[in-house]
Amino acid sequence: MSLRNLSPMKKSAETRHGASIKASPTAHVLAQKESAKNRFFFGLALGVAVKDKDVWSSSLEKNMDSTRSLEVRFNNGPANHWTDALPIGNGRLGAMIWEVLPTRLLISTVYFACYGTLSYCCYDCLSENVGMEDTLWTGTPGDYTDPDAPNTLSKVRKLVDDGQYAEATAAAVNLSGNPSDVYQLLGDIKIEFSDTHAAYDEESYQRVLDLDTATVKVQYSANEVEYTREYFTSNPDEVVVIKISGNKPSCLNFVVSLDSKLHHHSYVNNKHQIILDGSCPGKRIAPKVYGNGNPKGSSPQKSIKNPNPKGIQYSAVLDLQISDDAGELQVVNGRKLRVEGGNWAVIRLTASSSFDGPFTKPVDSKKDPRSESLSTMESAKRYSYSDLYARHVDDYQALFHRVSLQLSNSPKSDVGNSINVKEGKDELITTAQRVKSFKTYEDPSMVELLFQYGRYLLIACSRPGSQPSNLQGIWNKDIEPAWDGAPHLNINLQMNYWPSLSCNLKECQEPLFDYISSLSRNGNKTAKTRVPYTIAVNEILMTELTKLSVNYGASGWVAHQVSDIWAKTSPDRGQAVWALWQMGGAWLCTHLWEHYTYTMDREFLRNKAYPLLEGCAAFLLDWLIEGPRGILETNPSTSPEHMFTAPDGKPASVSYSSAMDMQIIQEVFSAIVSAAEELGKSNDDLIVRIRKAQPHLAPTRIARDGSIMEWAQEFEDPEVHHRHLSHLFGLFPGRTIDLEITPDLCKAAEKTLNKRGEEGPGWSTTWKAALWARLHNSEHAYRMVRHLFDLVDPNHESDFEGGLYANLHLHIHLCRSTPILAKSRVPCIREQFVIKHADFFIYDGRFSAAVAEMLVQSTVKDLYLLPALPRDKWPNGCVKGLKALGGVTVSVCWREGDLEEVGLWSNDGNTAKRLHYSGTTATTNISSGRVYTFNKQLKCIKTDALF
């Protein structure tokens with residue numbers, strides 16, 4: 001039997017508490033309304049916004065179960081671990097709902113123009129709420145240049161040229177910089193309940209995240225009273241909202257206060273609002289694990305002129321509203337609020353910070369976070385709870401409802417939520433039970449849930465005007481989070497945005513593009529400083545030039561492996577194996593071109609993408625060096641976080657022309673050449689130079705065993721099952737390795753994937769699923785999907801390398817042996833260290849992208865339908881609203897493992913597509929504003945107008 005929830009928890013009827021006041025929207029709301037104009041491709045002529053998933057329908061859908069809920073459910077009592085908490089967010093503000101009864105409710109992660117966290121938890125009779133705001137970080141703007149780098153760079157290059165790779169690796173630590181700054185949490189909302197809550201009925205307890213409404217609801221009974229708490233974070237009104245109610249009159253009694261792990265003070269103002277003012281450290285705590293000790297001096301960080309600079313200031317405002325007809329509100333000790341005998345209560349929370357962009361020091365900021373938080377609160381209070389909820393749901397569903405996915409392993413699609421009957425009472429299955437049972441029942445509805453959960457998380461952590469998603473999205477419980485909670489540019493930041501285009505959430509990429517713009521400013525300084533000298537450049541890359549020396553004597557801009565809110569672009573602290581990687585900015589730039597090819601937004605290409613691509617490509621041209629036989633190479637070069645054994649038997653990470661380096665450069669060069677053609681810039685000097693360089697780039701090579709070479713030489717790999725798949729970048733997310741164009745490389749990629757194996761952290765597992773999908777290998781793609789469903793026990797995390805927590809977040813655990821390399825030319829000393837973070841999850845939307853790749857793939861001219869569909873596992877299904885390159889929206893239905901019908905449409909101009917399915921190819925012209933239906937033979941059988 002299949003384990004699945006049959007229906008969502010019954011939603012309580014909306015009760016209007018107080019009159020709705022019609023007021024002028026805030027500037028933020030007006031901006032949201034303006035951006036909403038582009039959310040829909042049709043229906044506007046009738047005054048109705050129609051979702052992409054509703055444009056086209058198939059007769060097969062009548063056999064699909066349309067009542068299936070999308071819920072992350074806990075029925076087994078309060079949370080005991082952070083990874084039992086449920087995330088909500090609006091891009092800038094976030095929270096983790098951590099109900100731990102008798103009194104622990106943790107809302108952690110409230111982002112409000114800051115990076116931070118808010119939590120809510122309960123101990124015995126205490127409910128505490130922790131929150132985050134996405135601009136709460138340690139530190140101040142940094143100096144991301146190193147005047148000593150050119151000399152060190154010359155030494156490292158010479159060692160690489162001489163084949164002394166271990167020595168080059170040791171010397172390269174002197175190219176390392178300071179660590180990134182650290183993402184912070186905002187604070188706690190503590191709610192102390194009466195003792196009656198301690199005697200709650202365990203069988204009555206439910207805690208559910210409803211993906212359809214982006215709302216968490218908690219229900220339980222105590223002393224014959226049914227209590228309900230509802231949580232959501234509103235994007236239109238920039239507020240976290242909590243509603244507390246019971247089914248009997250005057251049943252609510254609690255005390256609420258604000259607290260924080262950061263420096264702060266709180267008080268109640270004359271409006272019965274709790275104000276919390278605080279500050280982030282102006283200087284981070286030194287990292288606990290520094291890797292190579294101290295390569296540059298007595299301190300892990302370079303000297304800082306001001307050891308105690310002023311950090312980001314922040315403020316949070318909690319407003320408490322209770323029923324007019326019952327209850328009393330009192331102030332306790334000047335910093336708490338007490339409710340006695342209330343029927344219901346609504347808590348609103350706003351927060352803001354003094355962060356005024358990555359180039360403004362906190363001490364120079366003119367922003368007043370308290371005034372901003374109070375102003376936002378006043379705007380939010382103009383709406384009743386019901387109106388706030390309705391505005392939140394309308395805004396959220398405008399994005400979430402664009403795509404639907406229904407999968408079935410039954411001819412009649414009856415794989416609905418299974419019910420266990422216990423003493424004549426229906427019992428809904430928890431999400432943890434469904435994850436645990438997946439390898440037995442392989443319930444496809446769990447794939448639907450995890451696919452949509454990835455989309456939900458991206459909407460929740462990245463919206464226009466917010467900061468980009470960090471390592472954990474926006475959710476965090478620590479002032480020293482794992483890996484600083486920082487954006488990592490060698491895989492994690494990019495992966496967070498993989499579902500944004502194919503899964504129809506293009507707006508969610510906007511914070512990423514704004515962030516790339518900031519990186520380009522600092523990255524220009526990292527690439528060069530004013531220390532002029534003249535060098536001879538190879539004939540391919542032009543003639544003699546006068547260059548600027550620090551860090552690399554290059555034009556354009558560069559970013560490395562890790563960054564932060566201050567747009568850090570210099571290398572990370574520590575060993576070269578992770579810190580020395582100049583391709584972070586270049587990888588990010590591939591997202592710019594992908595965005596254009598999906599949206600065909602020429603203004604975006606001209607005004608945003610092309611200038612950033614220009615600077616990136618200019619750096620790459622200057623970074624390349626002419627090697628033997630006129631081949632252009634990178635030196636030094638690493639493959640992210642992966643060591644090799646040099647020919648002399650020593651461990652090393654630094655060599656030249658790693659496969660990932662060259663594949664990223666090929667992608668960037670191809671993108672800017674194509675962009676120049678679109679914009680009429682093909683004769684520009686930069687483009688001429690790039691075209692001259694392209695044929696000379698070091699190619700992707702195949703090793704003697706038939707796999708793709710990760711490094712330019714066939715070094716011994718001491719860790720063949722390494723979690724990164726860097727040398728397959730060109731297959732996915734890149735496009736330079738292609739089944740039709742480079743079949744030999746695809747065969748080598750398959751060999752490489754088999755060598756890497758199936759084990760690894762969750763993010764690696766989903767990357768492998770996408771890679772297998774690009775190879776049109778449905779069996780292996782599904783094996784990786786199945787492999788992901790491994791329920792992690794938070795009490796024994798070290799037993800799991802990957803898998804899913806009970807709240808569906810991906811688990812990551814690293815326990816590895818890393819060589820610590822000395823600066824001298826002595827043999828390497830091997831030292832063991834373990835990176836282990838209790839209850840650590842990583843935000844990851846790449847599962848959604850992998851499933852989308854299994855169902856639809858595209859190039860600008862080609863559309864591949866069901867290229868990696870596991871026909872025996874998902875024999876029947878429909879996916880509606882996916883996006884393809886060229887501005888085309890795709891809906892597909894299949895039956896008994898075979899394509900049944902396809903719907904295509906575009907609102908971004910006319911386009912031609914070659915459709916591919918199971919050896920059949922057909923060419924079609926798609927006119928803007930028309931919906932086309934094709935049968936399994938790829939013949940157009942119907943056309944309709946979008947409007």
Side-chain angles (χ1 to χ4, degrees), residues 153 156-173 175 490-491 560-561 575-584 586-587 620 623-629 631-667 696-731 734 736-737 742 744-745 748-749 751-757 764 767 771 816 818-819 821 828:
L153 180 62
V156 172
R157 283 177 166 167
K158 179 65 165 56
L159 289 168
V160 169
D161 288 342
D162 293 343
Q164 300 183 58
Y165 302 113
E167 290 75 11
T169 302
V173 298
L175 290 170
N490 68 355
I491 184 62
H560 289 78
Q561 173 256 356
Q575 301 177 45
V577 66
W578 68 75
L580 185 66
W581 196 66
Q582 295 82 10
M583 296 294 135
W587 187 346
L620 295 176
W623 181 244
L624 289 164
I625 297 173
E626 186 175 1
R629 299 176 301 281
I631 298 297
L632 296 179
E633 300 172 336
T634 58
N635 178 9
S637 175
T638 61
S639 189
E641 303 184 27
H642 197 185
M643 305 288 291
F644 60 85
T645 302
D648 58 7
K650 298 176 183 178
S653 63
V654 176
S655 61
Y656 63 97
S657 299
S658 70
M660 191 180 212
D661 275 13
M662 302 314 301
Q663 290 171 12
I664 288 176
I665 292 172
Q666 288 169 357
E667 295 278 348
H696 301 278
L697 294 174
T700 299
R701 299 177 175 94
I702 298 176
R704 288 188 296 270
D705 67 357
S707 65
I708 286 179
M709 290 170 56
E710 188 164 357
W711 300 276
Q713 293 187 33
E714 287 199 58
F715 298 124
E716 179 185 346
D717 186 349
E719 194 178 357
V720 294
H721 302 308
H722 193 269
R723 62 196 175 279
H724 283 258
L725 299 119
S726 304
H727 45 323
L728 297 183
F729 173 90
L731 178 60
T736 54
I737 299 178
T742 58
D744 290 344
L745 288 179
K751 175 69 174 180
T752 304
L753 281 168
N754 283 321
K755 280 181 62 177
R756 266 310 196 250
S764 178
W767 191 1
L771 288 162
R816 64 190 181 197
T818 301
L821 302 176
C828 298

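Excluded from the calculations below are hydrogen atoms, water molecules and symmetry mates; all remaining heavy atoms, backbone and side chain alike, are included. Note that the numbering runs from 1 along the sequence shown for the chain.
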Looking at [Y], is its backbone amide N or carbonyl O close enough to the side chain of [X] to form a donor-acceptor pair, meaning the two atoms are under 3.5 Å apart?
{"X": "T752", "Y": "I708", "answer": "yes"}
{"X": "E667", "Y": "T736", "answer": "yes"}
{"X": "H722", "Y": "E641", "answer": "yes"}
{"X": "S637", "Y": "S658", "answer": "yes"}
{"X": "S764", "Y": "R723", "answer": "yes"}
{"X": "H642", "Y": "V577", "answer": "no"}
{"X": "H721", "Y": "R756", "answer": "yes"}

Side chain to side chain contact (heavy atoms under 4.5 Å, CB included) with [X]: which residues, sequence neighbours excluded?
{"X": "P718", "value": "T645"}
{"X": "A579", "value": "S176, D572"}
{"X": "T742", "value": "I737, D738, L745, C746"}
{"X": "A659", "value": "Q663, H727"}

The salt bridge (Lys or Arg N to Asp or Glu O under 4.0 Å) partners of E714 (sequence neighbours excluded) come to R704
For the residue pair [X] and [Y], what are the closest heavy atoms and their distance?
{"X": "V654", "Y": "A576", "answer": "CG2-CB, 3.8 Å"}
{"X": "S653", "Y": "T169", "answer": "N-OG1, 3.0 Å"}
{"X": "W581", "Y": "T638", "answer": "CD1-OG1, 3.6 Å"}
{"X": "I491", "Y": "H724", "answer": "CG2-CE1, 3.7 Å"}
{"X": "E633", "Y": "A698", "answer": "CG-CB, 4.5 Å"}
{"X": "S707", "Y": "D705", "answer": "OG-OD1, 2.7 Å"}

**Request:** Show the numbers, then the answer: is there a side-chain contact (heavy atoms from CB on, under 4.5 Å) between M583 and M660?
**Result:** CA-CA 9 Å; M583 296 294 135; M660 191 180 212; over 6 Å; no
query: Does the pair T634 and L624 meet the rule for a side-chain contact (heavy atoms from CB on, under 4.5 Å), with working shown?
result: CA-CA 5 Å; T634 58; L624 289 164; 3.9 Å; yes
Using 0.5 Å steps for rounding, measure from the [atom1] atom of [X] to the [atom2] atom of [Y].
{"X": "L620", "Y": "D661", "atom1": "CG", "atom2": "CG", "value": "9.0 Å"}
{"X": "W578", "Y": "N490", "atom1": "CH2", "atom2": "CG", "value": "11.5 Å"}
{"X": "H560", "Y": "L580", "atom1": "NE2", "atom2": "CG", "value": "6.5 Å"}
{"X": "N635", "Y": "R157", "atom1": "CG", "atom2": "CZ", "value": "6.0 Å"}
{"X": "Y165", "Y": "Y656", "atom1": "OH", "atom2": "OH", "value": "5.0 Å"}

F644 meets the ring pair (Phe, Tyr, Trp, His ring centres under 6.0 Å) criterion, sequence neighbours left out, with W711, F715
Show your working on side-chain contact (heavy atoms from CB on, under 4.5 Å) between L632 and E626 and close with a plain yes or no.
CA-CA 5 Å; L632 296 179; E626 186 175 1; 4.2 Å; yes
Legend entry - Residues D162 and K158 bridged, charged N to O under 4.0 Å: yes
